[in-house]
Amino acid sequence: MPDPENQSPTEDARYELFVRLFARHEPDLRRFIGSLLPTWSDVDEVVQQTAIVCWRKFDQFDAQSQFMKWACVIGRFEALAYRRKVARDRLVFREDVLELMADEGLEELDARRAEEEALERCLEEMPEKERQFLTLAYTPGVKIAELSARAGSTAAAFYMRLKRLRAQLMRCIASKTLHRRKA
Amino acid sequence: MHRLQNTAPEKGLNDMEKENHFGELTAEEEEWIEAYLNGTIQPEAFQDMQDRMLACPAMRRTMRRYFNLDFHLHHGSREFDSAAPPWLEAEAERTKPTPSRSRIWAIAAAVAVLATGLSFLALHQRAEAKATITAIQGPVQWTSGDGQVHNDLEIGARLGGGVLGAMLPNSWVEFAFGDGSSVTVSGQTTLMLPAGSQRELHLRQGSLSASIVSQEPSTPMAVHTPTSRMEVLGTRFEVDADPASTRLLVNEGRVRMTRLVDGVTTEVAAGHQVVASIDYEDRLAAVPRGEAKRGWRSNLSKEVTYGQWSSKLEALAYKLKKAVAEGRITASAAMAKYKEAADLSKNHGHLKTRPKIVEPGRGALYLVILSLVKEHNAPLIAAPGARFRVRGGIELRSPVTFGFTARHPQGGFAGKYEYTQNLSDSQTGFDIDLPLASFQAVRNFTYPDPLGLEITDWWCFTAGHDAGLEINQVEFLTP
């Protein structure tokens with residue numbers, strides 16, 4: 001931990017380097033942690049904690065190695081630590097499952113990035129009404145049960161529609177990522 | 001059992017498709033994944049699912065894909081505050097020595113901003129939405145920041161910067177912000193949402209109910225009206241505004257109100273209300289809500305929010321002028337009659353409907369609206385056996401729709417209720433009783449039965465032509 005009272009130009013340069021590296025790799029790190037934890041708020045918390053730990057340990061980072069791999073290793077531990085913290089009252093994965101997911105997820109970062117780019121295009125191609133439905137379903141604070149009751153429908157029907165749209169998006173993503181790889 | 005295979009470039013599209021959705025999983029596995037994503041999975045099923053995941057790499061891979069999709073859809077739906085992120089400014093100052101602890105927090109803030117901003121921009125670059133409509137009824141108009149007028153809003157529509165107008169007394173719209181806060185505007189209301197800020201609402205006129213989640217003390221949500229500014233840190237409250245006054249009722253938490261005319265500020269606690277008017281001779285002081293009441297008699301001149309009020313004296317003056325002009329009476333005789341009537345109370349009179357065009361080419365509605373909260377501190381409760389008694393006149397036999405808005409005693413919009421009756425023209429006018437039980441909820445979004453709710457306004461209208469409808473008095477009577 002650098003001494004706050006003893007800042008030097010070198011320290012500033014390190015800080016600048018860290019921020020630049022982290023900003024560049026943050027989306028990948030987020031994708032990686034996003035594949036381990038179920039909700040965006042969990043992911044937010046773990047990514048923030050990972051950033052803090054990365055900065056604290058930044059003097060151990062070997063400039064010759066890949067920042068992303070290094071940050072993901074830290075992120076993996078932070079996700080496990082977070083899991084232990086919330087496991088009692090939340091449906092989070094067991095440690096053995098989470099570790100497997102993390103190890104394998106680390107090898108799939110490129111695939112995740114391609115899927116996200118494809119998702120953007122798939123959403124654009126989606127009929128406006130379906131997109132609005134998805135947006136609404138994923139809006140924080142919106143409860144499906146209340147929403148369906150208001151629309152005179154059932155929660156089961158809403159979840160069914162949600163399932164169909166997710167599957168539709170997955171098919172679209174698969175198609176686009178395949179075409180991209182072929183190209 | 002698990003037939004998903006590793007993805008490989010040489011595979012065909014059909015194979016790829018199968019790998020990326022549920023087509024190749026068992027029905028049970030499909031159900032687990034959906035239930036997990038929806039947050040509805042049962043603990044036992046969750047354990048079974050994890051056992052299966054541990055044994056099956058393909059299922060883990062499918063889960064990661066779905067997690068990735070789910071995660072980005074969540075982020076795409078979150079709020080994006082386009083205000084300049086403070087960490088960027090902090091970065092501009094980077095050359096200055098900064099304590100490491102501050103840097104840690106700057107990093108945390110930077111990550112938070114990146115998280116929200118990048119994901120949002122990636123998925124919704126064009127929308128710049130700040131709120132999502134979660135319920136809507138009746139004609140509601142949205143004028144977006146580029147001046148386009150939309151009359152076809154639906155549930156799920158995203159609102160960026162613009163002006164939202166509920167057009168009729170039986171219209172309302174509810175929308176939710178990304179942080180879970182929600183706002184309902186009801187009746188003839190105009191609300192402006194400034195572009196780029198999710199923490200500012202401008203209520204130009206009408207009624208608003210809000211449930212605001214906790215805000216950062218340094219950046220409270222602000223509600224502006226023509227006569228006041230309110231700062232909210234997380235609370236539930238109601239605001240009724242017109243050009244001359246604002247009434248604030250706080251149901252939970254506290255709201256700081258500033259009266260614009262003199263800058264005087266007061267804090268309003270739960271269960272209290274305050275009125276900030278242009279007439280600043282009054283002390284700006286919050287008062288506790290009064291005891292619920294079960295009866296009401298209209299004071300048309302003070303409670304009207306839409307309609308044309310005429311006192312009896314004004315109506316007499318008009319008639320006398322007309323008679324003099326037509327030579328049916330001399331000017332001095334007319335003056336004598338006017339002086340004789342001059343002791344009439346100014347509060348006696350009638351309310352004529354005013355036209356309102358809702359959609360071009362579809363004629364006008366002729367309507368009258370009364371506010372029951374404008375002049376009253378105590379709520380009016382819809383009790384069993386209650387009825388409205390309405391006296392007035394009509395020149396042409398027409399169907400007239402009567403209605404009222406209700407809210408929950410604990411605060412928050414509850415619904416709108418209507419009843420339509422044919423009224424006949426007659427010399428003596430009409431005097432009708434409208435039992436509460438005959439009023440129906442407007443659509444199914446709201447509570448079907450108004451009993452126990454608080455009545456906040458009353459209206460009536462005729463459609464298509466000016467039937468000469470006027471209201472002399474409205475009462476709410478409970479046995």
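Residue numbers start from 1 in every chain, and the chains themselves are labelled A, B, ... in the order their sequence lines are given, proteins ahead of strands.
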Let me confirm one number: the [atom1]-[atom2] distance from [X] to [Y], rounded to the nearest 0.5 Å.
| X | Y | atom1 | atom2 | result |
| --- | --- | --- | --- | --- |
| A/L98 | B/M53 | CG | CE | 9.0 Å |
| B/F67 | A/I33 | CZ | CD1 | 13.5 Å |
| B/L54 | A/D96 | CG | CG | 4.5 Å |
| B/N68 | A/F32 | CG | CZ | 12.5 Å |
| B/R64 | A/E104 | CZ | CD | 4.5 Å |
| B/R60 | A/L100 | CZ | CG | 4.0 Å |

>> Just checking A/F58: does its CZ atom have more than 12 heavy atoms from other residues, nucleotides or ligands closer to it than 6.0 angstrom?
In response: yes

> Which residue, B/E34, B/E31, B/E30, forms the side chain to side chain donor-acceptor pair (under 3.5 Å) with A/K163?
Replying inline: B/E30

> Can you list the steps and then say if B/D70 with A/R166 is a side-chain contact (heavy atoms from CB on, under 4.5 Å)?
Replying inline: CA-CA 8 Å; B/D70 211 56; A/R166 280 186 191 131; 3.6 Å; yes

>> Among A/R31, A/R112, A/Q49, which residue has the highest count of heavy-atom pairs closer than 4.5 Å to chain B?
In response: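 Among A/R31, A/R112, A/Q49, the one with the most close pairs to chain B is A/R112.
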
>> If you count heavy-atom pairs within less than 4.5 Å of chain B, which of A/L29, A/L37, A/T50 leads?
In response: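 Result: the option with the highest number of such pairs is A/L37.
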
> Is it the side chain or the backbone of B/I133 that comes within 4.5 Å of chain A heavy atoms, both, or neither?
Replying inline: backbone

>> I'd like to know whether A/E115 forms a side-chain contact (heavy atoms from CB on, under 4.5 Å) with B/R65, so could you lay out the CA-CA distance, the side-chain angles of the two residues, the decisive distance to 0.1 Å, and finally the verdict.
In response: CA-CA 8 Å; A/E115 284 166 8; B/R65 287 180 182 142; 3.6 Å; yes

> With distance as the sole test, does B/Q50 use its side chain to make a donor-acceptor pair with the main-chain N or O of A/V97 at under 3.5 Å?
Replying inline: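 Judged by distance alone, no pair lies under 3.5 Å.
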
> For A/E108, is it the side chain, the backbone, both, or neither that has a heavy atom closer than 4.5 Å to a heavy atom of chain B?
Replying inline: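 Interface part for A/E108: side chain.
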
> Are any non-hydrogen side-chain atoms of A/L169 and B/L73 less than 4.5 angstrom apart?
Replying inline: yes

> Hey, are the side chains of A/Q132 and B/R158 touching, using non-hydrogen atoms and a 4.5 Å cut-off?
Replying inline: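 When only atoms from C-beta onward are counted, B/R158 and A/Q132 do not touch, as no gap falls below 4.5 Å.
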
> Are A/R94 and B/D51 close enough, and set up right, to give a salt bridge (Lys or Arg N to Asp or Glu O under 4.0 Å), and what steps lead you there?
Replying inline: CA-CA 10 Å; A/R94 292 196 306 255; B/D51 290 341; 2.9 Å; yes

